[in-house]
Every structure is written in structure tokens, then in C-alpha cells.
Amino acid sequence: MLSLSICVFCGSRYGSDDAYKKATEKLGRLLAEENCRLVYGAGNIGLMGTVAQNIQSNGGEVMGVIPEHLLEVEVGKTDINNFIVTQNMHERKKVMFMNSDAIIILPGGAGTLDEFFEVLTWAQLKLHNKPIIILNVSGFWDPLIELINHLVENGFADQSLKKLFKVVSSPRDAIEALKLTA
Ligand code: AMP
């Protein structure tokens, strides 16, 4: 059993391929089976809602952190173990990060990218060494990985940047990657 607190960053939409939702459901179930607590943005929409619902329905614990101004927009999921309302986005990310042992990135949009780059750049600055796992469902994040390679190839980042995160292609592999770091 992993028994860790896992921060999941993912879309507030479902995306265009059903594979994203399916992988999110499976990740939720596997995290619950590993006695992991979900830390997420407390919304009940898109993949965010999916991951929370699937942890819950499999008996797992959920901490959600949402800024006041998004309570309605993102349909605050209040029926969770720990529902925290922050004053702003910065506070939200800080509280999520502080309460997590590792981070998993699922498919998502600009918000997910913002969250990923924040934890990546903090790792680059050696402010933390929490595992960051990109769950590359159906190659969704290939362009992101290509972009990071491009930064390195063009001398704007050190090779070591690529070692600060791990890319996996299935929820099961994400769990295995967590086990290697635990
Ligand atoms: P998205 O990937 O755009 O669907 O957004 C996923 C989540 O990230 C949503 O809960 C957004 O509210 C959140 N988000 C978007 N921008 C930011 C930001 N700058 N800081 C923190 N969270 C954000």
C-alpha cells in the first residue's frame, strides 16, 4: 500500500477523446486501492470531478481546495473529507502543494499546464523534490514533452530538467512509478 497524498492536476473539461475520462476513472480507483488520499482543485466538473468521484466511490479520501470565486463556476464538490476554500488561486496552489507527497498530471488545459510548470520550475530551483508524474494518455502530452526537449536543445534549460518528471502511459504505470519513489 502506498498510503500517500497525491495531488492530481487535470482538466476542468473532459476533452475530446473518451480515453482521457477512462484513464482518469481508473487512476481514481487505483489510488483508492493504494490507500492514497486525493488532493485536487475541489471542482465537480470535467476530469477533476471524475477523479474525485472515482476515489470516493472506491472508499478513498479526498481533500479539495478551491478559491472562493470559483465555487460556482467549477461546482465546488462539498461532499468530500476535507473541503477548503481559499481567497485566491495562489493560495489554492500553495495549499494543494503543501498537502501532497507527489503530483500526477492528467490531460487538461491551460490551468493544468500552469500547475505543471509551477511544480516543475520549483523542482528546477530545488525548492522541492516531490515526484512529478505525467500520465500521457493516448499521447496527449507528446507536444509538451517535445516542447521541453526543444527548450533543452536550444540551450534554455539544462538536460537535468528532463529528469525532474517521469512520463508514463497508463494509470497502472503511474502507480508503479509512485512505488519506485516511495
Ligand atoms: P484547465 O486545465 O484549464 O481545465 O484547469 C484545470 C484547473 O486549473 C481548474 O481548476 C482551474 O481553475 C485551475 N487553474 C487555472 N489557472 C490557474 C492558475 N493560474 N492557478 C491555479 N489554478 C489554475
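Numbering of ligands and ligand atoms starts at 1, following listing order. Quick note: residue numbers are just sequence positions, from 1.
Grouping the Ile, Leu, Val, Met, Phe, Trp and Tyr side chains by contacts below 4.5 angstrom, directly or via other members, places V137 apart from L147. Hydrophobic clustering of Ile, Leu, Val, Met, Phe, Trp and Tyr side chains at less than 4.5 Å, counting indirect connections, keeps L120 apart from M98. In the hydrophobic clustering of this structure, L38 does not group with I45; members are Ile, Leu, Val, Met, Phe, Trp, Tyr whose side-chain heavy atoms approach within less than 4.5 Å, directly or through other members. Two different hydrophobic clusters hold W141 and V152 under the rule that ILVMFWY side chains link at heavy-atom gaps under 4.5 Å.
The shortest N/O to N/O separation between M48 and ligand 1 does not fall below 3.5 Å.
For G41, the heavy-atom gap to ligand 1 stays at 4.0 angstrom or more. Ligand 1 does not have G43 within reach: every non-hydrogen atom of the residue lies 4.0 Å or more from it.
Near C10, meaning under 4.0 Å from any of its heavy atoms, are these atoms of ligand 1: 6 (C). Distances below 4.0 Å separate heavy atoms of G11 from the following atoms of ligand 1: 2 (O), 4 (O). For ligand 1, the atoms closer than 4.0 angstrom to any heavy atom of L70 are 12 (O). Heavy-atom contacts of K93 reach the following atoms of ligand 1: 20 (N), 21 (C) (cutoff under 4.0 Å).
Each of H90, M89, E74, K93 was evaluated against P67; a single residue qualifies, M89, per the side-chain contact (heavy atoms from CB on, under 4.5 Å) test.
Closest to atom 5 (O) of ligand 1, if we only count protein heavy atoms, is G111 CA, 3.5 Å. Nearest protein heavy-atom neighbour of atom 11 (C) of ligand 1: E74 OE2, 3.2 Å. Protein heavy atom in closest approach to atom 8 (O) of ligand 1: E115 OE2, 3.3 Å. For atom 23 (C) of ligand 1, the closest non-hydrogen atom of the protein is M89 CE, 3.2 Å.
Using a cut-off of 4.0 Å between Lys/Arg side-chain N and Asp/Glu carboxylate O, K21 and E25 are scored as salt-bridged.
At a heavy-atom cutoff of 4.0 Å, ligand 1 is contacted by the side chain of D114 but not by its backbone. Contacts between R92 and ligand 1, counted as non-hydrogen atom pairs separated by less than 4.0 Å, involve the side chain only. The proximity of A110 to ligand 1, defined as any non-hydrogen pair under 4.0 Å, is limited to the backbone. Under 4.0 Å from ligand 1, not a single heavy atom of L113 appears.
Because its NZ or CZ atom is both nearer than 6.0 Å to the ring centre of F97 and within 45° of the ring axis, K130 counts as a cation-pi partner of that residue.
No side-chain donor-acceptor contact under 3.5 Å links R29 to the backbone of N58.
Between F140 and Y20, the distance separating the two ring centers is shorter than 6.0 angstrom.
Note that the SG atom of C7 and the CE atom of M96 stand 4.0 Å from one another [nearest 0.5 Å].
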